[in-house]
Structures are given as structure tokens and as C-alpha cells.
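Here's the structure we're looking at; comments come further down.
Note that the structure is predicted; figures quoted are calculated from it, not measured.
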Amino acid sequence: MNVYEYLLNYQIKPSVQRIAIMDYLLKHKTHPCIDEIYMALCKEIPTLSKTTVYNTLKLFVEHGAARMLTIDERNACFDGDTSLHAHFLCRSCGKIYDIPLKRNAAETNELDNKGFVLEEIHHYYKGTCPECAGKAGEKN
């Protein structure tokens, strides 16, 4: 499926800017922030503004086409992968990693039984990634 069809599946009217931003999110699994996306695309699309990037990402999140991550207190990051998974933030290098996550049916069923309507699940882990932990071990 191309990006144009992907946006249509989420009831988002495709435009040059929206296609470029979603394409960037889907191709770059780095969980970029608004500034990163803007800097990557502003040369290709000279009329692009940070406000357009912000509003487009907000639209994507509202329609379920992307997720906003608040794992990093300094920046909101965005993820084009809307499948159920957790995130790990390395406090040393700042990278955010996707972590497989199995849905806890008992936990969500309990919420359903109590009348809660579940719309989102966020699982964040913070610590040191294997690469940084290895570097720290080399120093000792």
C-alpha cells in the first residue's frame, strides 16, 4: 500500500505535505520529533513550516494514523507504527527502541467489564540500551 492509500484508509485527505510527512514517519523508525521531521523535509518542500508539520502530526494522531510518544520529557516524538508495542528510552544515548508487547487480555477484559472504553495503551521503559551498557562496561 502506498502512502496516498494509507492516508485515505485513515480518512485523511492526502496533500503533498501530508504524504511527505507520513512517508518520513513510515520510513524512519527513529521516533522523530517535529524539528527532525521539519529539518528533513524543508529542503524538498520549501513552503513547509513547523506549524504545518505540527498540525499534520496532530491530524495523524487524531485519526489514528500515527502515535505521539511522550516518553522523552523534552520532546514529543512520533511513531508511524500504530501496532501494539512498547517503547524503551535509553537515558544515555537518547534513542527510542520499539519493544514487542503482548496484549494482556485479563487486564483489558477487567477494564471492559467495569465499563471503561479502552482507546490507547502506552508502555514506556527507561534505562540503558545494550550498546551504551557495553560501552560503560568497557570503561570500567
Shortest non-hydrogen separation from [X] to [Y] and the atoms involved:
X      : Y      : result
Cys129 : Cys90  : N-SG, 3.3 Å
Asn75  : Cys33  : CB-CB, 4.1 Å
Ala86  : Leu101 : N-CB, 3.8 Å
Leu26  : Gly80  : CD2-O, 3.7 Å
Leu25  : Pro32  : CD2-CG, 3.9 Å
Ala20  : Ile45  : CB-CD1, 3.5 Å

Cluster overlap [X] with [Y], hydrophobic side-chain contacts below 4.5 Å:
X     : Y      : result
Ile96 : Ile99  : no
Tyr97 : Tyr125 : yes
Phe88 : Met68  : no
Val61 : Tyr38  : yes

Checking Asn9 against Tyr6 for the side chain to side chain contact (heavy atoms under 4.5 Å, CB included) test, could you report, in this order, the C-alpha distance in whole Å, the side-chain angles of both residues, the deciding distance, and whether it holds? CA-CA 5 Å; Asn9 281 344; Tyr6 184 87; 5.6 Å; no
Over 60° means perpendicular and under 30° means parallel, so tell me whether Tyr124 and His87 are parallel, tilted or perpendicular.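 Ring orientation of Tyr124 relative to His87: tilted.
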Can you say whether the rings of Tyr24 and His28 are parallel (under 30°), tilted (30 to 60°) or perpendicular (over 60°)?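 Answer is parallel, since the angle falls under 30°.
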Is there a side-chain contact between [X] and [Y], using heavy atoms and a 4.5 Å cut-off?
X     : Y     : answer
Phe78 : Val53 : no
Met22 : Ile12 : no
Asn2  : Ile19 : no
Arg18 : Phe60 : yes
Leu57 : Ile37 : yes

Examine distances only and state if a side-chain atom of [X] and a backbone atom of [Y] form a donor-acceptor pair shorter than 3.5 Å.
X     : Y      : value
Thr52 : Leu48  : no
Lys43 : Ala40  : no
Arg91 : Lys126 : no

His31 and side chain to side chain contact (heavy atoms under 4.5 Å, CB included): which partner among Ile71, Leu89, Leu69, Asp81?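 So, applying the side chain to side chain contact (heavy atoms under 4.5 Å, CB included) to His31 and each of Ile71, Leu89, Leu69, Asp81, only Leu69 qualifies.
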Surrounding NZ of Lys50 (heavy atoms of other residues, nucleotides or ligands, distance under 6.0 Å), is the total greater than 12?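 At most 12 heavy atoms, drawn from other residues, nucleotides or ligands, come within 6.0 Å of this atom.
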To the nearest 0.5 Å, how far apart are CZ in Arg67 and SG in Cys77?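 Rounded to the nearest 0.5 Å, the CZ-SG separation comes out at 14.0 Å.
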When rounded to the nearest 0.5 angstrom, what distance separates NZ in Lys95 from OG1 in Thr30?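 So the NZ of Lys95 and the OG1 of Thr30 are separated by 10.5 Å.
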Could you please spell out the steps behind the side chain to side chain contact (heavy atoms under 4.5 Å, CB included) verdict for Asp98 and Asp79? CA-CA 10 Å; Asp98 289 335; Asp79 192 352; 3.7 Å; yes
